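Below is one structure, written out as structure tokens; the observations come after it.
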Amino acid sequence: MTTTVAPGTGIECDVAVVGGGLSGTLAAIMLGRAGYRVALVDRNAVFPPEFRVEKIGGDLVSRIERIGLLDAVSANAARFDEIVNARRGRVLDRTRTPHFGFLYENLVAAMRASLPETVTLIVGRVNDLKTSSDRQQVFVHEQGMVEARLVVLATGMGDLLRRTLGMERRVIHERQSLTFGFDIRPADGSFKCSALTYYGERVSDGIDYLSLFPTVTGMRANLFTFRDHRDPWVKAFRESPTETLAATLPGLRKVLGDFQVVGRVQNWIMDLAVAENCRQDGVVLIGDAYQTSCPAAGTGFSRLLTDVERLCHVHVPQWLATPGMTADKIGCYYDDPAKQAADTSALAQAKYRRSLTVDTGLAWRVRRLLLVWRRRLVDRLGRLSPGTVARLRTLSGRPA
């Protein structure tokens, strides 16, 4: 239910979630389904277009299905079951597993439509927080106050409210990656494949890979790079994306077909950072509000799901079962082994993707070569003996 807080009045609830993007909305859904009274506060009644995660697949699909939200996702996304993986104009192999492509704002809208009746969506800007070891106060600009036992900050990379509470971000790697998002269409006829992952052709280009996939509105492209945003190439790509992309990835047309970039090119500069001084009374951070992830590594959605699942299924029920909301209680969430493992793995994957893309050392040159040849050999073996590859992937933990 969407509401406003009348001036001079207040709303009481068990949990106030500040930030109605993906992580905040998922937390509100899970807590609301558990029977808690939840206030979800966001400045936008309809989440605006924003360039964030636009594709999920593999284990993420299974996890979303387990929490009962796959139908909501699939109704607002395009499903595809095969991705062609290629480099330098040659197909390496194919990934065969369910994937879904979407626009981020449509995904958030689908999640908001799944909010249970125990969740109140409050449209307004939070301009202050007052926290304590017992009750928390969330002040909504020109409206009123929400009082709760616990505040969940799901404000992404916004720093205002965190700084209000004395929290800071420790930057691990400034401007770690630069990601572009844009629409693409065939210049004539249709593309040669329904979805494609095309890897960078030269280390000097700083391109990890280009991901092309369908959405309900057409073909979408995400280009993951480790280039400086001041690089002249970036300006050239924004001004002449079709020509610049074709020149940078000369083998792309061979596996995709002729193409044309249409509409505006979006970009997203990501700092790798983690919040500090966040073990405080009454408030907890989830998703990017706590730690950011490298888009190329594809760990952001997985991490936020782990945050939300551990917080809502394990810690909040324990915290609300006893009086108080002290920093000692909150610390149990940050010390959660599953959360820590997900955070550590995400940082390791971020470092790995960057080194694999731009490191010119001998060890990394050899590793790149071995990865390409291994994929080609496994793909060839799979065509000759699919059962053997399936058994090998089962033994290695990779999906068949």
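Treat the numbers as computed from the prediction; the structure is a model and nothing was measured. Atoms considered below: every heavy atom in the structure, side chains included; atoms not considered: hydrogens, waters and symmetry mates.
Between Y199 and R375, the side chains place a donor N or O and an acceptor N or O closer than 3.5 Å (distance only, hydrogens not considered). When only modelled atom types and interatomic distance are considered, R303 and S23 share no side-chain donor-acceptor pair under 3.5 Å. Side-chain polar atoms of S211 and R220 form no donor-acceptor pair below 3.5 angstrom. Defined by atom type and a distance below 3.5 Å, a donor-acceptor pair is missing between the side-chain atoms of H173 and D271. A donor-acceptor pair shorter than 3.5 Å cannot be found between the side chains of W268 and S177. A side-chain donor-acceptor contact under 3.5 Å links N85 and T95. Of the N and O atoms on the side chains of K55 and T215, not one donor lies less than 3.5 Å from an acceptor on the other residue.
Heavy-atom contacts from other residues, nucleotides or ligands closer than 6.0 Å to CG of D188 number 12 or fewer. By the neighbour-count criterion of 12 heavy atoms within 6.0 Å, atom NZ of K192 is densely surrounded, having more than that number from other residues, nucleotides or ligands. Other residues, nucleotides and ligands contribute more than 12 heavy atoms inside 6.0 Å of the CZ atom of R169. The number of heavy atoms from other shown groups lying within 6.0 Å of CZ (R202) is above 12.
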Problem set entry | Steps toward ring pair (Phe, Tyr, Trp, His ring centres under 6.0 Å) verdict (Y334, Y290) | CA-CA 10 Å; Y334 296 114; Y290 176 71; 5.2 Å; yes

Exercise. Taking it one step at a time, do E82 and R96 satisfy salt bridge (Lys or Arg N to Asp or Glu O under 4.0 Å)?
Worked result: CA-CA 5 Å; E82 180 180 88; R96 295 183 177 92; 3.0 Å; yes

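A distance-only check finds no donor-acceptor pair linking the side chain of S293 to the backbone of A346 [under 3.5 Å]. One N or O on the side chain of Q280 and one on the backbone of N277 form a donor-acceptor pair closer than 3.5 Å. Of the possible donor and acceptor atoms, one in the side chain of D228 sits under 3.5 Å from a partner among the backbone N and O of R230. The main-chain N or O of L285 is found under 3.5 Å from a side-chain atom of Y333 such that the two form a donor-acceptor pair. With Y198 contributing its side chain and R88 its backbone, the two residues share a donor-acceptor pair below 3.5 Å. Proximity of a side-chain donor or acceptor of R175 to a complementary backbone N or O of L272 within less than 3.5 Å is not detected. At distances below 3.5 Å, not a single donor-acceptor pair connects side-chain atoms of E201 with backbone N or O atoms of I207. No donor-acceptor pair closer than 3.5 Å links the side chain of R162 to the backbone N or O of C278.
For R264 and F182, the positive end is not near the middle of the six-membered ring at less than 6.0 Å and at most 45° from its axis. Both tests hold for R227 against W233: distance to the six-membered ring centre under 6.0 Å, angle to the ring axis within 45°.
Distance check, rounded to the nearest 0.5 Å: CG of L150 to CG of L311 gives 7.0 Å. With rounding to the nearest 0.5 Å, the separation of CG in L153 from CD1 in I286 is 9.0 Å.
For the pair D81 and R79, the salt-bridge criterion is met [side-chain N within less than 4.0 Å of a carboxylate O]. R376 has no carboxylate O lying under 4.0 Å from a charged side-chain N of D93, or vice versa, which leaves the two without a salt bridge. By the 4.0 Å N-to-carboxylate-O rule, D14 lies too far from R149 to be salt-bridged with it.
For the salt bridge (charged side-chain N to carboxylate O under 4.0 Å, His left out) with E147, the lone residue among K130, R135, R37 that qualifies is R135.
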